[in-house]
Amino acid sequence: MSTASFLVLFLEPVRAYLEEDSVSEILINGPSAVYIERKGKLEKVEAAFASEAALKAAAVNIAKSVGRILNEEFPRLDARLPDGSRVHAVIPPLARCGTVIAIRKFSKDLLTAEKLLQFNSCSPSMLTLIETLVKLHKNIIVSGATSSGKTSILNLVSGYISPGERILLIEDASELQLRQPHIVPFETRKPDKDGKGEVTIRDLIHSALRLRPDRLVIGEIRGAEALDLLQAMNTGHAGSMSTIHANSPIDALYRLETCSLFSGIDIPISALRSQIASAIHAVIHTARLPDGSRKIVGVAEVLPLRNGEYNVHDIMRWRTRAIGADGKITGDFEICDYVPSFKEEADVAALPLK
Ligand SMILES: Nc1ncnc2c1ncn2[C@@H]1O[C@H](COP(=O)(O)OP(=O)(O)OP(=O)(O)O)[C@@H](O)[C@H]1O
Ligand SMILES: [Mg+2]
């Protein structure tokens with residue numbers, strides 16, 4: 001079922017945007033403030049709901065349709081709909097402007113390498129480098145801000161895993177669309193209304209490691225599971241990959257540090273840091289530029305710590321050259337004057353670096 005046909009049952013006032021393919025997100029801040037994202041740009045639109053009661057009823061019905069509860073006691077809904085789109089809703093009084101709903105429409109068109117090149121979201125050399133990183137079983141983190149394209153890029157990166165490998169895929173809400181034949185996908189479970197039955201990413205990593213993975217692919221790292229992933233990466237599960245919310249490749253490493261500490265482990269920060277530096281081999285950083293375009297703005301290698309600090313080196317990056325009167329950004333993808341530490345390894349495997 002398409003996004004439109006499922007959600008229009010509940011959200012008639014925004015039907016036009018549910019049905020328009022170029023709209024990727026619909027953000028409802030109370031009955032009379034609707035924003036949409038089209039081609040990476042946010043804009044306010046005229047659509048409105050008849051009343052707060054009508055909007056809240058719509059949110060409650062969306063929750064019911066997927067077997068979930070949205071009421072005073074459970075005032076927040078985080079749901080994936082049968083069509084793959086994601087809905088988050090918060091009702092008053094927590095949401096002070098009326099019921100708030102954000103819909104991330106499921107994009108039917110997978111962002112393939114060809115499409116990303118066509119959108120100037122990356123360069124052919126970047127794709128070659130990323131393919132080599134995957135083929136060499138490097139552990140990769142895709143970083144970036146909210147909605148910068150992390151999941152889409154993880155989808156691309158995981159696409160380079162060879163079809164013969166056994167991939168254990170763990171997600172909070174199923175989003176990735178891997179095409180390989182040997183995939184074992186898992187999804188976490190939220191606690192029920194009595195707070196029971198929760199299954200976390202940590203639990204699923206624990207299971208995955210006992211299910212003979214060749215590769216672990218984790219949708220997103222947000223908390224203590226960072227530590228489990230790092231330990232897996234450091235103990236023979238090379239070639240694993242995930243995404244993390246961060247503002248730069250180095251910030252991604254600091255975020256992993258913070259997330260690992262959520263687990264309550266008691267190890268010196270210096271030890272944790274060296275574990276991170278040896279576990280992560282490369283960071284692919286994504287961004288949504290001010291003109292709305294999304295790009296891979298950097299591919300960086302993570303080197304061993306230097307004086308106790310992270311040592312990250314760009315291999316390729318995007319450089320903005322000019323911003324036109326219309327706000328359009330021009331620039332190019334640069335290959336940095338830097339020889340990655342895995343050059344020999346790539347040469348031996350006859351894999352190109354650019
Ligand atoms: N390079 C790109 N060009 C055009 N659209 C893109 C590109 N990358 C991602 N998108 C679109 O941008 C939206 C956000 O992408 P995605 O879900 O990958 O981001 P994210 O960083 O994982 O977001 P979140 O922070 O919510 O997890 C989606 O609608 C996706 O189709
Ligand atoms: Mg994502």
Side-chain angles (χ1 to χ4, degrees), residues 22 24 37-42 107 109-136 138-160 241 243-253 255 280-303 310-347 350-354:
S22 59
S24 50
E37 188 193 285
R38 194 188 261 137
K39 296 197 166 63
K41 287 281 215 190
L42 213 54
S107 146
D109 305 324
L110 204 58
L111 281 163
T112 57
E114 294 70 35
K115 286 227 182 80
L116 291 168
L117 289 172
Q118 189 191 325
F119 297 162
N120 203 28
S121 291
C122 62
S123 65
S125 301
M126 268 178 177
L127 294 177
T128 306
L129 173 63
I130 292 171
E131 180 169 2
T132 291
L133 286 167
V134 175
K135 295 261 149 79
L136 290 177
K138 299 296 174 197
N139 292 321
I140 299 172
I141 292 289
V142 179
S143 61
T146 301
S147 190
S148 56
K150 300 179 294 296
T151 302
S152 306
I153 296 303
L154 181 60
N155 217 17
L156 169 94
V157 176
S158 58
Y160 292 117
M241 50 188 76
T243 71
I244 200 162
H245 188 287
N247 297 323
S248 67
I250 207 155
D251 186 40
L253 305 179
R255 283 278 306 149
I280 311 297
H281 302 121
V283 180
I284 301 174
H285 192 62
T286 59
R288 188 164 64 90
L289 304 190
D291 67 353
S293 62
R294 289 179 168 94
K295 294 188 194 303
I296 297 180
V297 292
V299 182
E301 178 175 15
V302 180
L303 295 157
Y310 292 118
N311 183 11
V312 173
H313 212 299
D314 279 345
I315 309 174
M316 292 183 194
R317 64 174 160 240
W318 164 261
R319 185 173 291 270
T320 295
R321 299 281 174 199
I323 303 175
D326 56 355
K328 187 106 195 72
I329 290 174
T330 49
D332 35 47
F333 293 99
E334 293 182 335
I335 298 176
C336 305
D337 185 15
Y338 167 71
V339 182
S341 71
F342 50 86
K343 180 174 186 318
E344 256 185 58
E345 206 184 327
D347 288 348
L351 291 167
L353 286 175
K354 60 183 181 208

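Hydrogens, waters and symmetry mates play no part in the numbers below; they use all other heavy atoms, side chains included. This structure is a prediction, so every number in the text was calculated from the model and none was measured.
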Query raised in the report: Are side-chain N/O atoms of Ser248 and His285 paired as donor and acceptor at under 3.5 Å?
Result: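 No.
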Side-chain contact test, heavy atoms from C-beta onward, threshold under 4.5 Å: evaluate it for [X] versus [Y] and give yes or no.
| X | Y | value |
| --- | --- | --- |
| Tyr160 | Leu133 | no |
| Leu289 | Lys295 | yes |
| Met316 | Lys354 | yes |
| Glu37 | Leu42 | yes |
| Arg321 | Asp332 | yes |
| Trp318 | Ile296 | no |

If you round to the nearest 0.5 Å, how far is [atom2] of [Y] from [atom1] of [X]?
| X | Y | atom1 | atom2 | answer |
| --- | --- | --- | --- | --- |
| Ile280 | Leu303 | CD1 | CG | 13.5 Å |
| Ser123 | Leu129 | OG | CG | 8.5 Å |
| Asp337 | Ile315 | CG | CD1 | 13.0 Å |
| Ile250 | Ser143 | CD1 | OG | 11.5 Å |
| Lys328 | Ile323 | NZ | CD1 | 11.0 Å |
| Lys138 | Glu345 | NZ | CD | 3.5 Å |

I'd like to know if the side chain of [X] reaches the main chain of [Y], judged simply by a donor and an acceptor atom lying under 3.5 Å from each other, with no hydrogens or angles considered.
| X | Y | answer |
| --- | --- | --- |
| Glu301 | Ser341 | yes |
| Thr132 | Pro352 | yes |
| His245 | Thr146 | yes |
| Lys39 | Ser293 | no |

Which heavy atom of [X] sits nearest to which heavy atom of [Y], and what is that distance?
| X | Y | answer |
| --- | --- | --- |
| Ile141 | Ala252 | CG2-CB, 4.4 Å |
| Ser125 | Ile335 | OG-CD1, 3.7 Å |
| Leu117 | Cys122 | CD2-O, 3.5 Å |
| Gly327 | Asp291 | O-CB, 3.3 Å |

Query raised in the report: What pairs meet the side chain to side chain donor-acceptor pair (under 3.5 Å) rule with one or both residues in residues 147-159, with sequence neighbours excluded?
Result: Glu25-Ser147, Ser147-Arg294, Ser148-Thr286
**Report entry** Set of residues satisfying side-chain hydrogen bond (donor to acceptor under 3.5 Å, both in side chains) with respect to Asp314, sequence neighbours excluded
**Finding:** Arg317
Query raised in the report: Would Asp347 and Lys343 pass as an ion pair if we require N to O under 4.0 Å?
Result: yes
**Report entry** Heavy-atom neighbours of Lys115 NZ exceed 12 at 6.0 Å
**Finding:** yes
Query raised in the report: Out of Leu116, Ile284, Thr112, Leu111, which residue meets the side-chain contact (heavy atoms from CB on, under 4.5 Å) rule with Leu156?
Result: Leu116
